[in-house]
Amino acid sequence: MHQEADHDSPAAAPRRSLMRTVLPYLNLLIAASLTLGLAGVTKRIVVSEKENGALIGELGRTRNLVRTIEEDHERKLAALRDLELDESEARRAEIESYARLIGGMEERLHSMESRSRDENDRTVAAFKGELAELRRQLEEKMRPKPSIDQVFRDFEREHRGAVVLVYTEFDYTKKRDSGEEARKTVTGWGSGFVITEDGYIVTNKHVVQPWKFDPDLAAMEALGEIEIDRDSLRVACWPTGCEAFDDLREPRTDRGFNSWVLNNLEVAIQAPDSMMKRDMEFGSFGPSISLHELNDNDIVLLKAKGAAFKPLPLHRDGDVELNKLDRVMALGFPRGQNGLEAGRVESSPSIGTVRKVENTIHVTASIIPGNSGGPLIGPDGEVVGIVTRVYSETLGICLKLEHALNLLEKVRTTEKAATALAAEKLAAH
C-alpha cells in the first residue's frame, strides 16, 4: 500500500523522471569501471600468454635436441658393439660427456615444464584476484552511502561510552576582616573523550585548571584577597551512561574515575603554558595579572586506570580535511551537571557546519559552557577536533585534533624511556 501511494503521489513523477535521467549515467559508470578494471586483467593475460607461448616453443626445441643427442649416443654404442672393440678412454669420456649433456637437458626440461605450470597457476590466480577486487569495487560503488545525519546518529550510538563528563574542584583561602581565613571550594564542569585503549582522555586545560584562564580569580589573588591552593586540585570523570550523582545531586565519587577517592585518574600531561600579562583597573589601583592565552595549548591529557577502554575513531592522516559548509557534530555536556535532568550521564549532540578552517576550526554547531573538551566529529565519522570555546551562540572554536595527538606522542616517548630504564635497572641486579 505504501508503494502504490508513493507511485500515485504528485512527487512520484519527478522522481521517476530523475531516475530515467540518472540511470543511463549510472550504467555508463558501471560499464566504464568494468572496462578499466578488465583492461588491466586482459593486458596481463596477453603478456602471460606470450611468455607461455615462447616457453612452449623452447620446450619443443629442447625436446628435439635431447632426442637427437640420445639417438646419436645409441648409434655410437651400437658401432662399438659391432666392431667388438674395447672402449678406449677417449670413447668412454665421449660417452660420459653425452650422458652428462643429456642429464642436464632433462633437468632443464623438467625445470621449464615446472615453470610453465607455475606461470599458468599464477595467471589464473591473478585473474581470479583481479575479478574479485573489481567486483568488490563495483559493489562498493553500488552500495548506497548513509546520509551525514545517519553517520552522526551511528557515531553517537556506537561510541557514546567514550565521551566523558569532567568535574574539577580546588580550594582557595579568603581573608576576612577579622583576620581569620575561610577556605572555599571552586567547582567546574566540562567534557572529554577517550583516545587510547589504555585510558588516555583529552580535555581542555581551562576545564582542569580554570584559575589560569579566569580573570576574576587572577585579579582577586593579585589584590591579596584570596590565595589559590593549586595542589588541592581534584579531578573526576564519568563515561556517558554512568551514574554520576546521588539523590542530592552531589557527585558520586564511588563511580567513574577520580583522583582523590578511587585514585584511578590523574593529569598525565598538559600542553606548555603560554601566559600573558594583563593590567586590571579597580578604582585607582590596577594590578597586573597573568592569564593563559586562548590558543592551541589549551589541552590536557588525563589518564584513567582499571577498566577496558574503547577509544573514539580519530582522524590521524595529516591535516584536517574539512571545507566550508561541511557538516560537523559536537558531543559533550552543555551546562555540565545542570544540563542533566537525572543522575545518569547523557551526552548532548549538536550539529552544525564549518564556517572556516585556519589555525582553528570555526563551526556553527551550538557550543555552550560545559561542552569544552568534547570531540568534534567530521562528516566521515571521525574525530577531527576538540571543542574549546565560544565567541557567540553561532560561532564555536575548536582546536585541531593533531595538537592532542602530539601530546600523546610525548607521553608515549616518556613511557618508552621509563620502560627501558626499568629494564636496565632490573638487568643490573
Side-chain angles (χ1 to χ4, degrees), residues 155-171 185-210 232-270 298-314 329-350 366-377 383 386-388 404 407-408:
F155 187 99
E156 200 279 334
R157 183 181 64 254
E158 296 173 11
H159 304 291
R160 59 199 304 270
V163 182
V164 301
L165 174 66
V166 179
Y167 168 76
T168 59
E169 63 179 36
F170 63 94
D171 301 328
T185 298
V186 178
T187 62
W189 300 90
S191 304
F193 57 98
V194 180
I195 60 170
T196 68
E197 293 182 349
D198 55 345
Y200 281 101
I201 298 171
V202 175
T203 189
N204 284 138
K205 188 189 297 184
H206 74 259
V207 172
V208 178
Q209 300 169 340
S232 67
L233 175 65
R234 299 176 289 277
V235 185
C237 68
W238 298 268
T240 298
C242 181
E243 292 286 345
F245 310 106
D246 59 23
D247 294 339
L248 299 177
R249 300 289 291 173
E250 292 295 325
R252 293 193 59 166
T253 55
D254 62 332
R255 299 289 179 91
F257 306 90
N258 58 65
S259 63
W260 73 98
V261 177
L262 298 178
N263 293 313
N264 56 1
L265 184 69
E266 63 181 5
V267 178
I269 189 174
Q270 66 174 39
D298 190 2
I299 300 179
V300 165
L301 292 189
L302 307 176
K303 179 66 165 64
K305 298 173 288 186
F309 299 94
K310 181 182 177 182
L312 294 184
L314 309 176
M329 177 177 69
L331 263 180
F333 306 93
R335 300 180 64 238
Q337 178 192 27
N338 295 327
L340 303 176
E341 295 182 353
R344 184 181 296 274
V345 176
E346 190 61 47
S347 61
S348 177
S350 174
S366 179
I367 306 299
I368 299 173
N371 276 117
S372 295
L376 180 74
I377 296 91
V383 178
I386 306 153
V387 177
T388 300
L407 268 187
L408 179 63

- Message: I'd like to check Leu376 versus Val383 (side-chain heavy atoms, cut-off strictly below 4.5 Å). Are they in contact?
- Response: no
- Message: Using every non-hydrogen atom in the two residues, find where Leu233 and Val235 come nearest and quote the distance to one decimal.
- Response: CG-CG2, 3.9 Å
- Exam field: side chain Ser350 to backbone Ser366, donor-acceptor pair closer than 3.5 Å: yes
- From CG (Asn371) to CD1 (Ile386), nearest 0.5 Å: 14.0 Å
- Message: Show the nearest heavy-atom pair for residues Arg234 and Trp260, with the distance to one decimal.
- Response: CB-CE3, 3.3 Å
- Query: With distance as the sole test, does Asn204 use its side chain to make a donor-acceptor pair with the main-chain N or O of Asp298 at under 3.5 Å?
  - Reply: yes
- Message: As a quick check of understanding, evaluate side chain to side chain contact (heavy atoms under 4.5 Å, CB included) for Val194 and Lys310, giving each step before the final call.
- Response: CA-CA 7 Å; Val194 180; Lys310 181 182 177 182; over 6 Å; no
- From CH2 (Trp238) to CG (Leu265), nearest 0.5 Å: 10.0 Å
- Compare every heavy atom of Pro313 with every heavy atom of Phe155, then report the nearest pair and how far apart it is. CE1-CG, 3.5 Å
- Query: Is there a donor-acceptor contact under 3.5 Å from the side chain of Asn263 to the main chain of Asn258?
  - Reply: no
- Query: Can you list the residues that meet the side-chain hydrogen bond (donor to acceptor under 3.5 Å, both in side chains) rule with Thr185, with sequence neighbours excluded?
  - Reply: Asp171
- Query: Heavy-atom distance under 4.5 Å between the side chains of Leu302 and Val267, does that happen here?
  - Reply: yes
- Message: Which heavy atom of Pro334 sits nearest to which heavy atom of Ser348, and what is that distance?
- Response: CD-CB, 3.6 Å
- Message: Please enumerate all residues that pass ring pair (Phe, Tyr, Trp, His ring centres under 6.0 Å) together with Phe170, with sequence neighbours excluded.
- Response: Trp211
- Query: Is the side chain of Arg252 donor-acceptor paired with the backbone N or O of Arg255 at a distance under 3.5 Å, no angle test?
  - Reply: no
- Query: Out of curiosity, His206 NE2 to Thr388 OG1, how far, rounded to the nearest 0.5 Å?
  - Reply: 7.0 Å
- Message: If you define the side chain from C-beta out and look only at heavy atoms, does anything of Phe257 sit under 4.5 Å from Pro239?
- Response: yes
- Query: With side chains defined as the heavy atoms from C-beta onward, is the minimum distance between Leu408 and Tyr200 less than 4.5 Å?
  - Reply: yes
- Query: Any idea which heavy atoms bring Glu346 and Leu340 closest together, and the distance?
  - Reply: O-CD2, 3.4 Å
- Message: Please find the pair of heavy atoms, one from Val300 and one from Gln270, that lie closest to each other, and give the distance.
- Response: CG2-CB, 3.7 Å
- Any ion pair linking Lys303 and Glu266 (charged N to carboxylate O, less than 4.0 Å)? no
- Query: Is the side chain of Ser191 donor-acceptor paired with the backbone N or O of Gly370 at a distance under 3.5 Å, no angle test?
  - Reply: yes
- Item | Chi angles and distances behind the side chain to side chain contact (heavy atoms under 4.5 Å, CB included) call for Ile195, Leu301 | CA-CA 10 Å; Ile195 60 170; Leu301 292 189; 4.2 Å; yes
- side chain to side chain contact (heavy atoms under 4.5 Å, CB included) between Leu165 and Phe245, intermediate numbers included: CA-CA 12 Å; Leu165 174 66; Phe245 310 106; 3.9 Å; yes
- Pairs involving residues 188-199, ordered by first then second residue, that meet salt bridge (charged side-chain N to carboxylate O under 4.0 Å, His left out) (sequence neighbours left out): Asp198-Arg412
- Find out whether Val163 and Phe333 are in side-chain contact, i.e. whether some heavy atom of one side chain is under 4.5 Å from a heavy atom of the other. yes
- Item | Check: Arg249 side chain, Gln337 main-chain N or O, donor-acceptor pair, under 3.5 Å | yes
